[in-house]
Structures are given as C-alpha cells and as structure tokens.
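Owing to the predicted nature of the structure, the values given are computational and were not obtained by experimental measurement.
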Amino acid sequence: MKGTFPIEKLEQLRTPFYYYDVELLRQTLNAINAEVQRHENFVVHYAVKANANPKVLRIIREAGFGADCVSGGEIEAALKAGFPASKIVYAGVGKSDWEINLGLDNDIFTFNVESIPELEVINQLALQKGKVARIALRINPNVGAHTHAHITTGLAENKFGIAMRDMETVIERAAQMQGVRFVGLHFHIGSQILDMGDFEALCNRINELQAQLESHHIRVENINVGGGLGIDYQHPNRVPIPDFKAYFDVYAKKLKLRPGQTLHFEPGRAVVGQCGTLITRTLYIKEGATKKFCIVDAGFPDLIRPALYQAYHKIENISSEEPAETYDVVGPICESSDVFAKQIDLNRSHRGDLIAIRSAGAYGEIMASHYNCRQLPQGYMSDEI
C-alpha cells in the first residue's frame with residue numbers, strides 16, 4: 001500500500017522537495033507525550049540535528065519538548081523556534097568559544113561536557129562572564145549498539161565522551177571549579193537502534209556507575225540517556241510510529257533512578273523520520289545493457305543517506321498504477337554513488353512521474369548540500385500546500 005499524497009497539489013511544485021505530513025508528526029509527538037506523562041520524572045529534548053526545518057521545530061516546541069543541540073547554529077535555531085533556553089541541552093566533542101558563550105549568554109539548561117580540556121574552557125569563559133554553567137558529563141559507557149558502524153557512539157573506540165575510568169576524577173575537578181556546577185551524567189550509544197536489549201545494556205551500565213559514585217558519596221541530579229530509537233524504513237505505511245511504549249518501558253523498568261532524579265531523553269529520528277518524504281520527478285527511463293534505470297531529478301545532495309550509509313529507503317511511484325517493473329533509481333549527479341536503490345520494483349514509470357522516497361524526515365533536508373551548484377530542496381508542510 002502506498003502512502004497517501006495530495007498528488008494534484010504536489011504536481012504544481014518544483015521538484016525535488018521535502019513533503020512533511022503534519023498530522024503524522026503530531027500523532028508521533030502525542031504518542032511520545034502519552035508515554036512520558038506516565039512517568040513524572042521523564043523529560044524529552046528533541047535532537048535538532050535530525051531536522052531543523054523551522055516549521056517542524058515550531059510544531060515540536062508546541063508539543064512541549066525541549067531541544068538537544070550539537071552546535072551554536074542549532075542553539076540559535078532552537079531559540080528562534082521558541083524553545084525555552086531552560087530546556088536546551090548542548091552536546092558535541094568540539095564546542096568553540098563563541099558557541100559556549102552563546103549557551104552561557106542564554107543560560108541554557110546544561111552543557112554536556114566531553115573532555116577535561118572542554119570543562120576547563122567552559123569554566124574559564126563562565127568566570128569571565130560572572131556566570132556558573134550547569135554541566136553534565138558525557139560518559140562513554142563502552143556499550144555496543146546493533147546499528148551501522150558510522151552511527152555508533154558508545155564504544156571506547158569512538159571519539160565521544162569521557163572514559164568511565166576518568167569519571168570520578170573529572171567530577172572532582174569540576175567540584176574545584178568556580179565557573180561550573182555538576183548536575184548530571186549524559187550517555188548516548190548510537191542511532192537507528194531497534195534492539196531494546198541495547199538500551200537495557202545501557203541501563204545496566206548506568207546502574208553500575210551510579211552505585212560506584214554513591215560509594216564515594218557523589219549524588220547525581222540528572223541522568224541523560226540520549227536518543228537512538230530507530231524507525232521502520234522497510235514498512236513506513238505499516239509502522240508509521242515507533243514503539244515508544246517499549247522504549248520508555250525499558251528505562252522505567254531497568255534503570256534504577258534515585259529519589260528526586262530526572263531522566264532526560266534526546267530522540268530525533270524517531271520523532272521526525274517517518275513524517276518526511278523526498279518527492280522527486282522522473283526525468284528519463286533509460287534501457288541499459290543489463291538493467292533499466294529510472295533517472296530522477298533528485299540526487300545525493302538532496303538525500304545523502306543511501307550514498308553515505310548504504311541506507312535503505314522505501315521508494316514508490318505515486319503517479320502510476322501500472323504493473324511493476326524493476327529499476328535502478330538513480331540521480332543526475334556525476335558520481336557513481338548517486339544511487340537511491342538498485343533492482344527495486346516500481347509501478348511502470350514514465351517521464352514526469354512523481355517518485356516518493358519515504359522515511360526521509362530525519363537526516364534528509366538537514367544534510368542537503370549545494371554540490372554541483374544545485375539549489376537546496378524546499379520543505380513543504382502538508383497543511384500549507
């Protein structure tokens with residue numbers, strides 16, 4: 001079954017472009033809030049890196065979410081969209097001085113600190129402003145995740161976070177600094193995780209670390225477990241909303257929170273992934289020596305995931321009801337990697353047909369580039385066209 005698209009309206013727009021199903025986005029946000037509200041100490045910060053379309057951000061902010069940012073530009077985008085600074089968390093291994101100062105000037109909730117040198121710089125910049133920065137230490141838990149190697153972040157070999165063996169030393173260093181206040185621990189093990197056992201393993205590791213800290217009379221106010229919940233790229237129509245109940249239940253049942261502790265989450269892809277579709281138009285059907293190509297006007301500058309991660313996206317010809325044929329769906333870019341899918345079945349395609357590349361709401365529009373001097377794709381909301 002194909003997704004439901006207002007084809008007559010889409011036909012009027014210049015391709016390629018992103019189309020966002022606002023109703024599905026709101027249903028997804030409601031599903032998250034329904035689960036979070038079962039737990040008075042759960043707080044959600046949307047990971048802005050997944051999609052920073054201003055209209056998407058506004059809808060997420062209206063649902064009451066905070067923002068998880070990994071750059072100064074994302075902090076600015078979150079503030080412009082109306083996210084309260086008191087709900088903004090800021091992570092990243094390479095925070096520059098202007099980005100730290102931006103966070104300090106706006107009194108954001110926390111800086112998720114990833115190294116001792118970063119901690120020292122935040123302390124110095126805060127003292128210069130007569131401020132005290134709230135900091136959470138991002139700990140690398142050395143927990144693997146069943147996902148693509150490029151999007152794992154919680155192994156010792158990854159660049160992210162502070163080694164577990166250094167955790168207490170860094171907390172002690174922070175306690176001696178006048179410009180920072182230690183308020184929590186932060187973790188994130190990767191992205192597009194569908195195996196709940198990975199999150200359970202993280203809970204077990206956090207339980208161990210909490211017990212270790214308590215043996216030294218160190219209390220933690222906030223635990224931030226990051227995000228990572230994946231979506232069903234194979235079946236966007238059948239599973240449009242991830243299983244948030246299973247996800248949050250893992251933490252409710254397996255993580256041993258202490259009285260008064262707040263648990264923070266940073267979902268991104270799970271919030272916006274399924275609501276976005278890249279709409280492109282068929283330019284040519286080319287008969288090759290051994291295969292048939294559907295050449296479209298979108299390329300990897302518009303959606304880089306298949307070229308970068310060999311990622312799968314379900315592709316549909318939303319203009320045709322003819323019998324299926326087998327195609328390689330490729331773009332116009334002068335690179336051999338400019339391929340969206342190989343040997344897939346599409347309804348028989350013709351020049352001018354609209355092709356929908358599904359589940360593109362996360363890491364689609366936000367990662368687009370001007371390569372080949374192409375214009376960036378526009379993003380359209382379903383309730384505005």
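Between Phe265 and Tyr251, a ring centre-to-centre spacing shorter than 6.0 Å is recorded.
Using a 30° and 60° split on the angle between ring planes, Tyr371 and Phe300 fall in the parallel class, below 30°. Below 30°, between 30° and 60°, or above 60°: for Phe42 and His39 the angle between ring planes is below 30°, a parallel geometry. Relative ring orientation between His45 and His264 is described as parallel, the plane-to-plane angle staying below 30° on a 0-90° scale split at 30° and 60°.
The shortest heavy-atom contact between Arg269 and Tyr233 is NH1-OH, 2.7 Å.
In summary, the side chains of Asp353 and Ser320 do not present any donor paired with an acceptor at a separation below 3.5 Å, with no hydrogens or angles considered.
Under the 4.5 Å side-chain contact rule for hydrophobic residues, Ile206 and Ile135 share a cluster.
Residues passing the ring pair (Phe, Tyr, Trp, His ring centres under 6.0 Å) test with His186, sequence neighbours excluded: none. Residues forming a ring pair (Phe, Tyr, Trp, His ring centres under 6.0 Å) with His235 (at least two apart in sequence, or on another chain): none.
Salt-bridge formation is not detected for the pair Glu76/Lys80: no Lys NZ or Arg NE/NH1/NH2 atom is positioned less than 4.0 Å from an Asp or Glu carboxylate oxygen. By the 4.0 Å N-to-carboxylate-O rule, Glu118 lies too far from Arg138 to be salt-bridged with it. Lys245 and Glu35 are not joined by a salt bridge, as no carboxylate oxygen comes within less than 4.0 angstrom of a charged side-chain nitrogen. Between Arg38 and Asp249, at least one side-chain nitrogen of the basic residue sits less than 4.0 Å from a carboxylate oxygen of the acidic one, meeting the salt-bridge criterion. The pair Lys9-Glu384 fails the salt-bridge criterion, with no side-chain N (NZ, NE, NH1 or NH2) lying under 4.0 Å from an Asp/Glu carboxylate O. A salt bridge does not link Asp107 with Lys131: every distance from a Lys NZ or Arg NE/NH1/NH2 to an Asp or Glu carboxylate oxygen is 4.0 Å or more.
At distances below 3.5 Å, not a single donor-acceptor pair connects side-chain atoms of Thr277 with backbone N or O atoms of Arg358.
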